[in-house]
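What follows is a set of notes on a single structure, which appears directly below.
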Amino acid sequence: MINMIAAVAKNRAIGFENKLIYWLPNDLKRFKALTTGHTIVMGLNTYKSLPKGALPNRRNCVLTRSVKELPGCECFASWEEFAKSCKADEDVYIIGGASIYQQFIDKADRLCLTEIDDTPAAADTFFPDYSEGWHVVNREAHTKDERHDYEYAFVDYERTR
Ligand SMILES: NC(=O)c1ccc[n+]([C@@H]2O[C@H](COP(=O)([O-])OP(=O)(O)OC[C@H]3O[C@@H](n4cnc5c(N)ncnc54)[C@H](OP(=O)(O)O)[C@@H]3O)[C@@H](O)[C@H]2O)c1
């Protein structure tokens, strides 16, 4: 199964200057819970944005045409090359960034989004439009609290066939 996981603002903003826009501890917790033990695939910029490099206890795959080796990661020059390396029953989480979401959303079976009730003042990368062709299968809303400055919801979408 191919999943996409992202934290998106109301205008679908996901990043600014190669960093995440929001710091939401519960989103990071959910990201870890969903992806641990599985395969994550990311673009080179997203890899470079990770504070400690490859994420532990996951198969880290990086799409890049310019880099051949990265610590703790497998590098692939194309989606096709990556797909050939996967087992038939492998659970894959596409973790960004914008260029990877945009190119491969058509391959995803499920979107695991954290929808944040805010429009940021500055953003330079966006999640693709998912307003058509997807329906909500699960939604868990959260209010703001001392560790979360905005309301947010964990929303899972599947393809409408
Ligand atoms: N909010 C969220 O959930 C979330 C999640 C992840 C990332 N982000 C944000 O997204 C931003 C980064 O996104 P981005 O679009 O700039 O970068 P990106 O998608 O992470 O990486 C782009 C790079 O990936 C490689 N690449 C792209 N398509 C490829 C393909 N088809 N085959 C092989 N390699 C390919 C290229 O590297 P080469 O030049 O080496 O070929 C390209 O320069 C950051 O701000 C980050 O914080 C947000």
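Values below: every heavy atom of this structure, side chains too, minus hydrogens, waters and symmetry copies. Whatever order the structure lists ligands and atoms in, that order sets their numbers, starting from 1.
Ser85 and Arg59 form a side-chain donor-acceptor contact under 3.5 Å, judged by distance and modelled atom types alone. Side chains of Glu90 and Thr39: a donor on one and an acceptor on the other come within 3.5 Å.
Under the ring pair (Phe, Tyr, Trp, His ring centres under 6.0 Å) criterion, the residue pairs touching residues 25-58 are His38-Tyr93, with sequence neighbours excluded.
Contact residues for ligand 1 (protein heavy atom closer than 4.0 angstrom to any ligand atom): Ala6, Ala7, Ile14, Gly15, Phe16, Asn18, Lys19, Leu20, Gly43, Leu44, Asn45, Thr46, Leu63, Thr64, Arg65, Ser66, Ala77, Ser78, Ile95, Gly96, Gly97, Ala98, Ser99, Ile100, Tyr101, Gln103, Phe104, Thr125.
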Would you list the atom pairs, donor with acceptor, under 3.5 Å between side chains in residues 95-103 and any protein atom, with sequence neighbours excluded?
from	atom 1	to	atom 2	distance (Å)
Tyr101	OH	Ile5	O	2.6
Tyr101	OH	Ile95	O	3.1
Gln103	NE2	Ser99	O	3.1

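Residues passing the side chain to side chain contact (heavy atoms under 4.5 Å, CB included) test with Asn138 are Asp156, sequence neighbours excluded.
Within the 3.5 Å criterion, the main-chain N or O of Ala108 finds a donor-acceptor partner in the side chain of Arg159.
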